[in-house]
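Let me begin by presenting the structure, written as structure tokens, before commenting on it.
The first residue of the sequence shown is numbered 1, and numbering continues consecutively from there. This one's a predicted model, so the numbers in the text were calculated from it and none came from an experiment. Computed from heavy atoms alone, side chains included, the values below leave out hydrogens, waters and symmetry copies.
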Amino acid sequence: MSVMMNFMRTMLTMPKPWVAWIGLLMAANFIFPVIFISSLEGRVVLATGMASAMIQMGIFQTKGFVRLLGIGHSPWIPLLLWLWTRLNFDASPFAYWIVALMVLNTLSLII
């Protein structure tokens with residue numbers, strides 16, 4: 001638990017635009033999946049987010065706050081490909097979340 005708290009404290013020292021960006025990613029990958037937990041997509045996104053967080057915590061614990069933390073985003077690649085096959089846009093809050101999640105995570109992978 002202390003590793004996670006240290007990681008969060010370190011992230012909060014980043015410039016405010018990056019902290020806001022991380023906040024958007026956290027909402028899309030951890031809060032909204034809980035809202036949509038009854039869907040398969042919600043459960044898979046939450047599990048992928050947890051796997052990513054575990055990878056990042058392991059890297060942070062051994063190496064500190066380094067660029068290697070980006071490796072923790074690698075589980076998003078198969079997630080995004082799978083979500084693309086599941087996308088059925090029907091103008092519902094669920095569909096908007098899936099699209100927003102795909103856009104945010106893709107941009108994060110590019111960055």
- Let me see the working for Arg43 and Ile37 under side-chain contact (heavy atoms from CB on, under 4.5 Å), right down to the final yes or no. CA-CA 5 Å; Arg43 293 187 300 272; Ile37 198 73; 3.9 Å; yes
- Query: Can you find a heavy atom in the side chain of Glu41 that is under 4.5 Å from one in the side chain of Leu83?
  - Reply: yes
- Message: Does any part of the side chain of Leu80, heavy atoms only, come nearer than 4.5 Å to the side chain of Leu109, both counted from C-beta?
- Response: yes
- Query: How close do Val45 and Pro33 get, heavy atom to heavy atom, and via which atoms?
  - Reply: CG1-CG, 3.5 Å
- Do you know the tightest heavy-atom contact between Thr48 and Pro75? CG2-O, 3.6 Å
- Query: Is any side-chain heavy atom of Leu25 closer than 4.5 Å to a side-chain heavy atom of Trp76?
  - Reply: yes
- Task: With rounding to the nearest 0.5 Å, note down the distance linking CG in Leu101 to CG in Leu24.
- Result: 11.5 Å
- Task: Go through Ile35 and Phe32 one step at a time and tell me if the side-chain contact (heavy atoms from CB on, under 4.5 Å) criterion holds.
- Result: CA-CA 5 Å; Ile35 294 169; Phe32 279 93; 3.9 Å; yes
- Query: Is there side-chain contact between Ser52 and His73, with at least one heavy-atom pair below 4.5 Å?
  - Reply: no
Show me the donor-acceptor pairs within less than 3.5 Å that the side chains of residues 64-72 make with the rest of the protein, sequence neighbours left out.
none

- Task: Check the surroundings of atom CZ in Phe60: do more than 12 heavy atoms from other residues, nucleotides or ligands lie under 6.0 Å from it?
- Result: yes
- Are the side chain of Thr85 and the backbone N or O of Trp82 linked by a donor-acceptor pair below 3.5 Å? yes
- Taking it one step at a time, do Ile22 and Met14 satisfy side-chain contact (heavy atoms from CB on, under 4.5 Å)? CA-CA 10 Å; Ile22 292 166; Met14 296 172 68; 3.8 Å; yes
- Roughly how far, to the nearest 0.5 Å, is CE of Met8 from OG1 of Thr13? 12.0 Å
- Is Met54 atom CE crowded by more than 12 heavy atoms from other residues, nucleotides or ligands, each under 6.0 Å away? no
- Query: If you look at every heavy atom in Ala28 and Leu104, which pair is closest and at what distance?
  - Reply: CB-CD1, 3.8 Å
- Report the C-alpha distance between Phe30 and Met50 in whole Å, list the side-chain angles of each, state the deciding distance to 0.1 Å, and finish with yes or no for side-chain contact (heavy atoms from CB on, under 4.5 Å). CA-CA 8 Å; Phe30 292 100; Met50 298 301 282; 3.8 Å; yes
- Message: To the nearest 0.5 Å, what is the distance between OG on Ser2 and CD on Gln61?
- Response: 7.5 Å
- Message: I want to check something: taking the side chain as every heavy atom from C-beta on, are Arg86 and Ile98 in contact at a cut-off of under 4.5 Å?
- Response: no
- By ring-ring contact (aromatic ring centres under 6.0 Å, His included), Phe94 pairs with (sequence neighbours left out) Phe36, Trp97
- Item | Any donor-acceptor N/O pair, Thr106 side chain to Met102 backbone, under 3.5 Å | yes
